[in-house]
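Counting starts at 1 for both ligands and their atoms, in listed order. Just so it is clear, the model here is predicted, and its values are computed rather than measured.
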Amino acid sequence: MSEKSSWIEVPDHSDFPLENLPFGVGKRLNGTVSVYTRVGDMAIDLGAMVACDLLADPRFSGRDLFQTDSLNAFMGSGSSVWSAVRYRLTELLTAGNPEFRDAEDNKHKCLVPVSELTMQIPSHIGDYTDFYSSIEHATNMGKMFRDPENALLPNWKHIPVGYNGRSSSIVVSGTPIRRPLGQTKADDADTPSFGPSKLFDIELEMGFFTGPGNTLGEPIPIDKAHEHIFGMAIVNDWSARDIQKWEYVPLGPFLGKSFGTSVSPWVVTLEALEPFRVQGQPQDPPVLPYLQTSRPGAYDLELEILLKTPKMSEGHRICRTNFASMYWSMSQQLTHQTSNGTNIRPGDLYASGTVSGSTEDSFGSLLELTWRGTKPLQLPSGEERKFLLDGDEVIMRAWGEKDGLRIGLDEVRGVVEPAGD
Ligand code: MN
């Protein structure tokens with residue numbers, strides 16, 4: 001049982017008790033778009049609440065934050081406004097408060113079953129950065145592609161390694177992903193060829209959306225970084241391993257990554273996730289002073305991946321892992337990104353890098369789960385998979401659970417479509 005209850009019904013094991021209050025952008029059947037929160041399976045239209053004078057605080061009663069098609073303005077408004085909005089929503093939705101509960105006309109305008117909404121991408125994402133912050137994942141990649149004895153490169157424990165990705169191809173959960181075409185070179189071939197990727201993979205990642213930005217030239221100090229993070233979502237960073245392998249030296253990921261990235265639609269605030277914030281892994285050797293902080297920055301969130309082929313009636317779990325295993329925290333990633341003075345803006349997306357644990361069933365990519373295809377996954381349908389085939393669907397989920405409180409991030413899913421001509 002959660003401590004607070006709402007007059008809106010919350011099903012058992014729901015990701016969305018009153019303590020969650022995530023934010024997303026939804027489109028109704030009539031085409032209107034607005035910012036929403038949700039409790040259980042009911043979405044609450046914040047734009048309509050402003051129009052009904054239910055959110056009358058001058059800090060957030062204007063039209064720009066919620067009567068809009070993105071969370072950018074709200075994300076940019078800062079943590080005192082985020083908290084005040086959550087406080088007011090909690091007050092209005094708590095069992096026993098009749099102000100909204102008994103106002104039938106307002107409820108009619110503001111409440112919509114989640115099933116009647118088409119969720120949109122949460123923000124207009126200006127910039128997208130993908131990190132590489134799981135020590136198990138980085139070690140597995142090093143073992144497979146370089147030297148098992150020296151799997152981690154010399155910089156890895158000193159720098160939160162990342163690359164600036166492509167934001168235009170980030171799509172919301174449920175959007176099909178087309179198998180990319182690209183240039184590859186088989187190990188036994190003398191020359192490269194062009195065609196559909198044969199090693200189509202996933203990456204289980206957690207992402208965060210930024211809040212207020214910084215001025216160009218003024219880095220964000222480590223102890224302020226969390227104030228620039230609005231909330232989290234689940235990210236599937238689809239990857240074409242054969243394209244990636246041929247292209248990535250010397251400048252890093254490019255077309256093997258940029259054809260599609262999926263995100264879950266409900267952004268869960270750091271405030272809601274606070275019960276799950278924990279001390280991260282010890283960092284040895286010590287990191288440089290600009291990345292040092294005494295504030296715990298890891299999050300104890302359970303993660304899982306399910307795979308559903310066209311022959312299966314439901315998804316089969318192929319991975320279970322935990323986000324607290326990451327070596328670098330979100331604050332360290334953001335501080336490192338801005339340490340050269342580059343500026344971030346509200347609504348940017350940062351992804352963690354593949355989250356892999358230490359056991360074979362906790363790896364966050366097919367590349368690792370099948371160890372480069374040498375150990376195919378055996379599915380309950382009798383099928384095998386090394387990498388994704390057309391029609392396969394991947395579902396990723398994330399949630400925290402502690403002392404009877406469950407705060408979830410719902411899911412991100414996507415089906416692989418055949419390559420174009
Ligand atoms: Mn990635």
Inset, instruction - Angle at the Mn ion (ligand 1): provide the value between OE2 of Glu205 and OD2 of Asp237, rounding to 10 degrees. - result: 100°
Legend entry - Considering only N, O or S atoms of Asp130, the one closest to the Mn ion (ligand 1): OD2
Inset, instruction - Looking at Glu203, pick out the N, O or S atom nearest to the Mn ion (ligand 1) and give its name. - result: OE1
Inset, instruction - Verify the neighbour count for atom CD of Glu384: are there more than 12 heavy atoms of other residues, nucleotides or ligands below 6.0 Å? - result: yes
Inset, instruction - Verify the neighbour count for atom OH of Tyr290: are there more than 12 heavy atoms of other residues, nucleotides or ligands below 6.0 Å? - result: yes
Legend entry - No-hydrogen, no-angle side-chain donor-acceptor test under 3.5 Å, Arg372 and Thr374: no
Inset, instruction - Quick one: sort the Phe23 and Phe230 rings into parallel, tilted or perpendicular, breaks at 30° and 60°. - result: tilted
